[in-house]
Amino acid sequence: MEKGRGQWASNIGFILAAAGSAVGLGNIWKFPRVAFENGGSAFLLVYIVIVILIGATVMITEFAVGRNAHKNGVGAVRDINKKFSFIGGLGILTGFIILSYYSHVGGWVVKYCVAYLTGAGAVYEDPTNFFLVDVLGMGTSFPIQGAIIYPLIFIGLTAFIVIRGVSDGIEKLNKIMMPSLFVILFILFIRGITIEGGAEGLGYLLKPDFSKVNGSMILAALGQAFFSLSLGMGIMCTYGSYLNKEENLVRNTFTICGLDTLVAFLAGFAMIPIAFATNIEVGQGAGFAFISLAGAFQSMPLGTVFGFLFYVLLFFAALTSSISLLEGTVAFITEEWHWDRKKACIVLPVIMFLIGILYTSSQACLDIKGIWLDANGISYPIFADFMEYLTDKLIMPLCALLYCILVGWIWGVDKASDEISSQGLYAFKLKGVYGILVKFVAPAAIILIMLSGLGFIG
Ligand code: PFF
């Protein structure tokens, strides 16, 4: 192991940090909406199966690659096979692009926290206007708050934590924020399941309707699981690289996947009934959390308090994820390019923040487009969508696919299993199943996600 490399001070610190990475905007902002749109309870069941079979497989694979080498995403892959180090590079690139926009959405969340702390008057007056004009700058010269001030605060906080290093910064923050996140989520969950008029929403999530299971729903669950579990970006590989050899990777992986799924479900059970009770539409992309729900809190008793809690919850979730994204790139730059940590933690966030300005301002204020090619031909999506397409539909699944091929077919299931079992310290009873999953099932599923994302199927 390289001298001076960070290490988790405890196994629970690692679990909370990896769960902190996984639990993010994807769980709270996106999952309830995707679950609702894809059949509610039936989606929940399919999602669980996918997390167990595919999500846990790819996650443990990333952990094993990282811990085997005790190196960053590129170095760890290079240790297995030099020709594959580009996979590590692809992962770092994805994390870099994602954080460029994730930090801006995180900034909007901070703006909502401030708005609710001060009574939410401006939000309640006109939630749509608040989001589109005040945050995204529609019709104004430039969204200074949504594209500059608040994203700067958010990415500044991210950098502030990551600069302190793995155990003093990332681990300590997660040890405080993750338990707090669970407490807040639990309060909102209780509110959701007891709210008057929410029973129909609850029923929708509880009564399985298997006629809703179809190809496009399964693919939606697969895509959601990948993003939610922070897979395909070398982030879990980097976090795994700070873990010592004696810890039990199988148990840790199931714990982390379980926590991530639990949060997503609790968020669904909190928000869908609230949406039914207040008669708002679930769906509408970003608008669900930032417009519909933002306005809905007004009509609930103590709504502003619950609203504030909701945005604080989103903030905690987003921050613990964004620090993992930054750490992935910082680990690479400090170990491969030999920058010092401080410099990396200042220069990288500045570049990401600048790119993110295009993300926010392209949504309603400036006409900035990207270019996209898929089964439907060439299109020119707004820059914000272009960034998400690039990562979600292309690089992220590609990277996860290559990881599985590398480990399943090149490194080999035996060597991967030696790492997973801590060289035999723990019995890895699922080795046979893992081999089949990593060599065949996960790659096939990922190829399907890619084909569906690019419009060839589904
Ligand atoms: N898993 C995070 C979420 O659900 O919001 C997003 C994310 C974080 C994706 C870190 C990828 C990553 F490496």
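Heavy atoms only: backbone and side chains are in, while hydrogens, waters and symmetry mates are out. When a ligand or atom number is given, it counts from 1 through the structure's own listing order.
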field: Close N or O approach (Leu25, ligand 1; < 3.5 Å)
entry: yes
statement: for atom 4 (O) of ligand 1, nearest protein heavy atom and its distance come out as Ala22 O, 3.1 Å
task: Examine Tyr239 together with Trp8 and report whether their ring centres are nearer than 6.0 Å.
output: yes
message: I want to know whether Phe386 and Tyr389 have ring centres closer than 6.0 Å.
response: no
message: Would Gly26 count as being in polar contact with ligand 1, using the rule that some N or O on each side must be under 3.5 angstrom apart?
response: yes
Nearest neighbour in protein (non-hydrogen) for atom 13 (F) of ligand 1: Ile235 CG1, 2.7 Å
message: Evaluate Phe227 for polar contact with ligand 1, using N/O atom pairs at a separation under 3.5 Å.
response: yes
message: Among all the protein's non-hydrogen atoms, which is closest to atom 7 (C) of ligand 1, and how far away is it?
response: Ser230 OG, 3.7 Å
message: Within the 3.5 Å criterion, strictly below it, is a donor on Glu62 or Ser230 matched to an acceptor on the partner's side chain?
response: no
task: May I ask you to decide if Ser21's main-chain N or O and Ser324's side chain share a donor-acceptor pair within less than 3.5 Å?
output: no
task: Could you tell me whether some N/O pair between Ser228 and ligand 1 is separated by less than 3.5 angstrom?
output: yes
query: Do Met233 and ligand 1 have an N or O pair less than 3.5 Å apart?
result: no
query: Is any side-chain heavy atom of Trp411 less than 4.5 Å from a side-chain heavy atom of Phe84?
result: no
field: Atoms in ligand 1 flagged as close to Ser324, the criterion being non-hydrogen separation under 4.0 Å
entry: 10 (C)
message: So that I know where these two stand, are Phe310 and Trp29 an aromatic pair - ring centroids less than 6.0 Å apart?
response: no
message: Could you tell me if Arg191 sits above the aromatic ring of Phe306, with its cationic atom closer than 6.0 Å to the ring centre and no more than 45 degrees from the axis?
response: yes
- request: Considering the heavy atoms of Tyr102, write down every atom of ligand 1 situated less than 4.0 Å from one of them.
  value: 2 (C), 3 (C), 5 (O), 6 (C)
field: Asn72 and Glu336 side chains, donor-acceptor separation under 3.5 Å
entry: yes
message: At less than 4.0 angstrom from any non-hydrogen atom of Ser21, what atoms of ligand 1 do you find?
response: 1 (N), 2 (C), 8 (C), 10 (C)
message: If I apply the N/O under 3.5 Å rule, does Asn27 come out as touching ligand 1?
response: yes
